[in-house]
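Input: a single structure, listed below in structure tokens.
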Amino acid sequence: MLSVEEALQKILAEVNVLEAETVPIMEALGQVLAEDITSDINVPPLDNSAMDGFAVQSGDTKGASKVAAKTLKVIDTVLAGGISKKEVTAGTAIRIMTGAPIPAGADSVVQFEDTDNQKPKDSPANERANEVAVFSETRPGQNIRLAGEDIAKGKIILKKNTVIRPAEIGLMASIGQGMVKVIRRPVVAVLSTGDELVEIDKPLPEGKIHDSNAYSIAALVRRYGCIPIMLGIARDNEKELVNKLKQAKDADMVLTTGGVSMGDYDMVKDVLARDGEMVFWKVRVKPGKPLAFGKIKGKDKNGEAKSIPHLGLPGNATSCMVSFELFVRPALLKMMGKKNLVKPSVEAIIENTVKNDAGRRIYDRAIVQKRDGHYYARLTGPQGSGILTSMSLANGLVVIPEEKVRVNEGDTVQTLMLDWNEEVYI
Ligand code: AMP
Ligand code: MG
């Protein structure tokens with residue numbers, strides 16, 4: 001049976017970075033840049049004031065202090081977005097607001113707090129004093145933001161392969177770029193299998209259960225920036241499975257849940273082997289052993305034949321989610337052009353004793369908290385692979401190595417972080 005690493009390598013070897021598309025910047029959050037972005041403007045475009053105050057010549061403020069104020073004549077006011085046509089000459093000042101361009105002749109800005117004009121908002125323009133007393137010296141350049149100090153014209157501001165976050169969206173907006181070329185988001189078909197499954201909006205006949213996997217898996221697909229296509233439920237017969245899989249023909253990946261274990265009706269792996277190509281089945285991991293991976297036939301947008309990676313995830317509610325985090329997520333991130341494929345992990349002190357008689361690597365659901373400079377991981381309850389409540393209470397998965405028969409309370413274990421604290425109520 002393959003180890004987690006071997007299985008992941010086999011999956012990653014079969015998936016490729018998708019092609020680029022051009023989208024409005026607001027839609028590009030989390031996507032990877034497929035081009036360098038160069039600015040054709042300076043940001044800010046002009047030297048401007050970093051403070052509300054007075055644009056002055058620093059020479060006029062020499063020796064100014066609270067007891068020896070220097071008085072200047074106020075000749076104009078300039079607001080953010082405006083331009084003063086006047087020039088600051090010796091003995092004069094122009095009232096200036098944050099972001100407004102520095103008028104000709106001025107070399108610095110005295111903030112209101114260093115003048116006798118501390119509450120300019122309270123007095124209407126026509127009643128404002130046409131003189132100002134300055135209480136402190138300025139140096140040349142003081143409180144001036146230089147043209148191009150953030151972004152210089154002609155400079156590459158974002159390199160190809162950068163992952164777009166809110167700051168990158170802001171940067172593109174600041175240079176007036178509304179569209180951007182990024183690696184497109186994978187489209188992922190999600191299909192549940194099982195005669196026992198009932199849609200969530202239908203009453204439950206005796207012996208049936210609601211299809212929860214379709215939702216948890218589609219939500220994971222969306223969380224990592226991809227587009228889920230929910231194909232519903234295929235009953236446990238080959239004809240229906242094959243028919244439903246036909247609807248996935250132009251997806252970039254197919255995820256099924258269930259039908260991959262040893263039961264009489266577990267036909268996903270059989271159909272995969274017969275109609276497609278089976279790469280592997282079963283991984284030395286718990287939960288999630290009966291993972292199947294292969295490729296099925298599909299079509300690209302030009303109608304050309306292509307093969308679509310198909311992960312047959314186990315049916316149990318938590319198994320399929322853990323398998324997704326371990327195997328599907330890295331594959332999708334690779335397709336999106338991302339380089340960092342691993343979820344962050346921390347070393348945590350485990351607060352339970354865990355036995356491992358399976359000889360597989362165990363990923364147990366735990367809540368991780370930081371106390372006194374150490375991370376602690378406590379199991380969140382029963383770890384049965386069909387139990388979803390302990391997954392909901394968890395923000396991490398503690399890793400019990402396959403060669404360890406037992407991990408004792410107080411031992412340090414590697415813990416995969418599914419979420420950080422702000423997303424989970426502790
Ligand atoms: P299987 O691998 O198809 O035998 O499924 C393993 C277990 O997972 C069985 O108890 C199934 O009822 C359960 N299961 C399979 N698919 C789903 C689903 N979509 N939602 C919830 N439970 C499921
Ligand atoms: Mg089944």
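Indexing begins at 1, ligand by ligand and atom by atom, following the structure's order. Start at 1 with the first residue, then count along the sequence.
Looking at Asp266 against ligand 1, only its side chain comes within 4.0 Å, counting heavy atoms.
Ligand 1 lies out of reach of Gly194, whose nearest heavy atom is not under 4.0 Å from it. At least one heavy atom of Gly259 sits under 4.0 Å from some atom of ligand 1. By the 4.0 Å heavy-atom criterion, Ala317 is excluded from the residues contacting ligand 1.
Near Ser192, with a cut-off below 4.0 Å to any heavy atom, the atoms of ligand 1 are 19 (N). Near Asn316, the atoms of ligand 1 lying under 4.0 angstrom from a non-hydrogen atom of the residue are 6 (C), 7 (C), 8 (O). Heavy-atom proximity to His210, at under 4.0 Å, picks out these atoms of ligand 1: 20 (N), 21 (C).
With a 6.0 Å cutoff to the six-membered ring centre and a 45° limit on the axis angle, Lys10 does not count as a cation-pi contact of Phe280. Cation-pi geometry between Arg95 and Phe54 is not met at under 6.0 angstrom from the ring centre and within 45 degrees of the axis.
Side-chain atoms of Val134 and Asp114, non-hydrogen and from C-beta on, never get closer than 4.5 Å to each other. With contacts defined as side-chain heavy-atom distances shorter than 4.5 Å, the pair Arg365/Leu397 qualifies. Looking at Lys202 and His210, their side chains never come closer than 4.5 Å, going by heavy atoms from C-beta outward.
Summary of contacts: the protein heavy atom closest to atom 2 (O) of ligand 1 is Ser261 OG, 3.1 Å. With respect to atom 14 (N) of ligand 1, the closest heavy atom belonging to the protein is Gly315 O, 3.2 Å. Ranking the protein heavy atoms by distance from atom 22 (N) of ligand 1 puts Ile209 CD1, 3.5 Å first. Regarding atom 20 (N) of ligand 1, its nearest protein heavy-atom neighbour is Ser212 N, 3.1 Å. For atom 19 (N) of ligand 1, the closest non-hydrogen atom on the protein side is Asp211 OD1, 2.8 Å. Annotation: atom 17 (C) of ligand 1 to nearest protein heavy atom, Asn213 ND2, 3.1 Å. Counting only heavy atoms of the protein, atom 12 (O) of ligand 1 lies nearest to Glu196 OE2, 2.5 Å.
What you find for Ser84 and Ile94 is that their closest heavy atoms are OG-CD1, 3.5 Å.
More than 12 heavy-atom neighbours from other residues, nucleotides or ligands sit within 6.0 angstrom of CE on Met1. Around CZ of Arg222, the count of heavy atoms belonging to other residues, nucleotides or ligands within 6.0 Å does not exceed 12.
Ring centroid separation for the pair Phe327 and Phe293 does not come in under the 6.0 Å cut-off.
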